[in-house]
2 protein chains.
Amino acid sequence: MTIAVGAKPSFKEQMLQAREEAIVQTVNRLLAEKGFDAMTVDEVAASVGIAKASLYKHFPSKEDLAAAAMVRVMRSAREFLDTIAPALAPVDKLKAVVRWTLQVQLAGQMPSLPSQNSSLRAALTSSKEYVDQLLEISDTLGGWIEAAQAGGALNAKLPPIAVLYTLYARACDPVLEFLRGGGQHSDEEIVELVLSTCFDGLNAR
Amino acid sequence: MTIAVGAKPSFKEQMLQAREEAIVQTVNRLLAEKGFDAMTVDEVAASVGIAKASLYKHFPSKEDLAAAAMVRVMRSAREFLDTIAPALAPVDKLKAVVRWTLQVQLAGQMPSLPSQNSSLRAALTSSKEYVDQLLEISDTLGGWIEAAQAGGALNAKLPPIAVLYTLYARACDPVLEFLRGGGQHSDEEIVELVLSTCFDGLNAR
DNA sequence: GTCTATAAATAGATAGAC
DNA sequence: GTCTATCTATTTATAGAC
């Protein structure tokens with residue numbers, strides 16, 4: 001039995017992971033399209049092209065499916081943070097992150113979960129990788145927020161945690177959907193509009 | 001048969017309306033607590049204290065229940081608009097509306113509906129009173145927005161419709177729930193924080 | 001109109017053969 | 001692991017007596 005860390009995965013293991021990646025990708029799309037409640041496991045299985053029973057061999061519950069999708073998104077976000085130029089001003093780093101978030105949402109890749117569902121919360125918080133990624137992201141953003149406040153770029157009167165929550169909330173901002181439905185603006189314009197209202201506010205300057 | 005407009009309702013009619021008001025009030029609370037998908041009709045009936053079949057005599061479907069709750073909220077919002085002092089600056093009128101919205105949400109009185117559900121959308125758009133109230137509210141807010149932009153209070157570069165959507169989005173802002181969960185701020189502080197980030201933005205001024 | 005009882009449909013999850 | 005077929009529970013909605 002091979003337990004070496006980073007050992008070359010066998011062909012079988014590669015196939016398994018590829019299939020699971022396909023599953024999670026499908027779940028991610030469906031969660032973005034319809035949300036957790038409206039997404040059915042039958043639908044996931046049909047969309048992936050396997051039997052529902054097979055799906056349950058990979059993921060023990062619907063909640064675990066959603067958690068896997070969230071882990072995927074968090075990892076993706078975490079990786080994006082690493083691509084941000086360190087020389088950038090903290091506030092510009094934050095803007096870059098929010099812009100990335102908005103683009104993911106417009107691309108139909110941002111899973112939407114009900115924040116009240118307790119079994120779902122349990123699945124999320126019991127996922128070590130999810131919690132780890134979330135903590136790491138929050139730490140990084142928190143550092144940028146405090147730096148931006150110290151540097152006079154961000155309003156220093158706002159509690160950093162409130163700023164962080166406000167940025168996180170952009171990931172599920174319904175304004176994007178509203179504006180797109182209006183059909184008057186391109187995706188790029190929508191992103192910049194929301195970015196502007198988020199950082200500059202509605203008031204004139 | 002009495003069809004006179006504004007005719008004095010009979011005792012029976014008053015009882016009927018009182019019961020329906022009790023139903024809608026319960027639905028409103030449950031929609032605020034758990035959202036449309038998680039709310040069950042059984043639950044509504046049990047909470048009101050009547051049989052489910054009786055409930056269906058009043059409202060033909062779950063969607064109609066939710067629509068009735070939304071009509072109630074919209075009427076309430078519409079009535080609030082009338083209480084705003086006409087002498088107030090347009091931007092302050094807008095702030096008053098958003099503040100009211102945030103307070104309703106914190107009071108657990110703001111129903112939350114999935115924006116993607118099509119049967120629900122159909123029930124809403126087929127309700128004349130809902131559509132009428134929404135249009136009237138949007139007209140009023142739209143007028144204030146344009147006046148505030150013309151007066152130099154609101155950023156005139158933002159499309160009025162984007163401003164309107166941004167204000168509407170505060171009615172379901174998850175930041176309220178996040179901040180309350182943190183336990184570090186009172187409800188009043190939370191309201192003012194969100195108001196501040198909405199109108200003044202995150203950036204320093 | 002209110003009730004009890006039940007229909008009808010759906011969804012999450014499993015059994016068991018291969 | 002994948003499949004077909006099924007279970008179990010829940011949910012929306014109704015039938016029918018009173």
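Chain letters run A, B, ... following the sequence lines, proteins first, then strands; residues in each count from 1.
Distance B:L65 CG to D:dA13 P: 9 Å, rounded to the nearest Å. One atom, NZ of B:K34, and another, C1' of D:dT10, lie 13 Å apart when rounded to the nearest Å. The CG atom of B:D37 sits 16 Å away from the P atom of C:dT10 (whole-angstrom rounding). Straight-line distance from the CG atom of B:N117 to the C1' atom of D:dT12: 13 Å, rounded to whole Å. Taking atom CG of residue B:L120 and atom C1' of nucleotide D:dT12, one finds them 15 Å apart after rounding to whole Å. Between the CG atom of B:D64 and the C1' atom of D:dT12 there is a distance of 13 Å, given to the nearest Å. Rounded to a whole Å, the NE2 atom of A:H58 is 18 Å from the C1' atom of C:dG12. Between the CZ atom of B:F59 and the C1' atom of D:dT12 there is a distance of 16 Å, given to the nearest Å.
Computed from C1' positions of five pairs at each end, the angle between the two local axes of the helix from C:dG1-D:dC18 to C:dC18-D:dG1 equals 20°, rounded to 10 degrees.
Shown for residues 39-57 of chain B: residues whose heavy atoms fall under 4.0 angstrom of DNA chain D, namely B:M39, B:T40, B:V41, B:D42, B:K52, B:A53, B:Y56.
The CD atom of B:E33 sits 9.5 Å away from the CD atom of B:Q109 when rounded to the nearest 0.5 Å. A distance of 3.5 Å separates CD1 in B:I161 from OH in B:Y165, rounded to the nearest 0.5 Å. In this structure, B:L158 CG and A:S196 OG are separated by 5.0 Å, a value rounded to the nearest 0.5 Å.
Side-chain atoms of B:E136 and B:M74, non-hydrogen and from C-beta on, never get closer than 4.5 Å to each other. In this structure, B:R19 and B:I50 have side chains that are in contact, with non-hydrogen atoms separated by less than 4.5 Å. You'll find the side chain of A:P174 stays beyond 4.5 Å of the side chain of B:S115, heavy atoms only. The shortest side-chain heavy-atom distance between A:V27 and A:I23 falls under the 4.5 Å cut-off.
When each of A:A38 and A:P60 is assigned the nucleotide of DNA chain C with its nearest heavy atom, A:A38 is the one assigned upstream, toward the 5' end.
Under a cut-off of 6.0 angstrom, the local environment of CD in B:Q184 is sparse, with at most 12 non-hydrogen atoms contributed by other residues, nucleotides or ligands. Within 6.0 Å of atom CZ in A:R121, 12 or fewer heavy atoms from other residues, nucleotides or ligands are found, so the atom counts as exposed in its surroundings.
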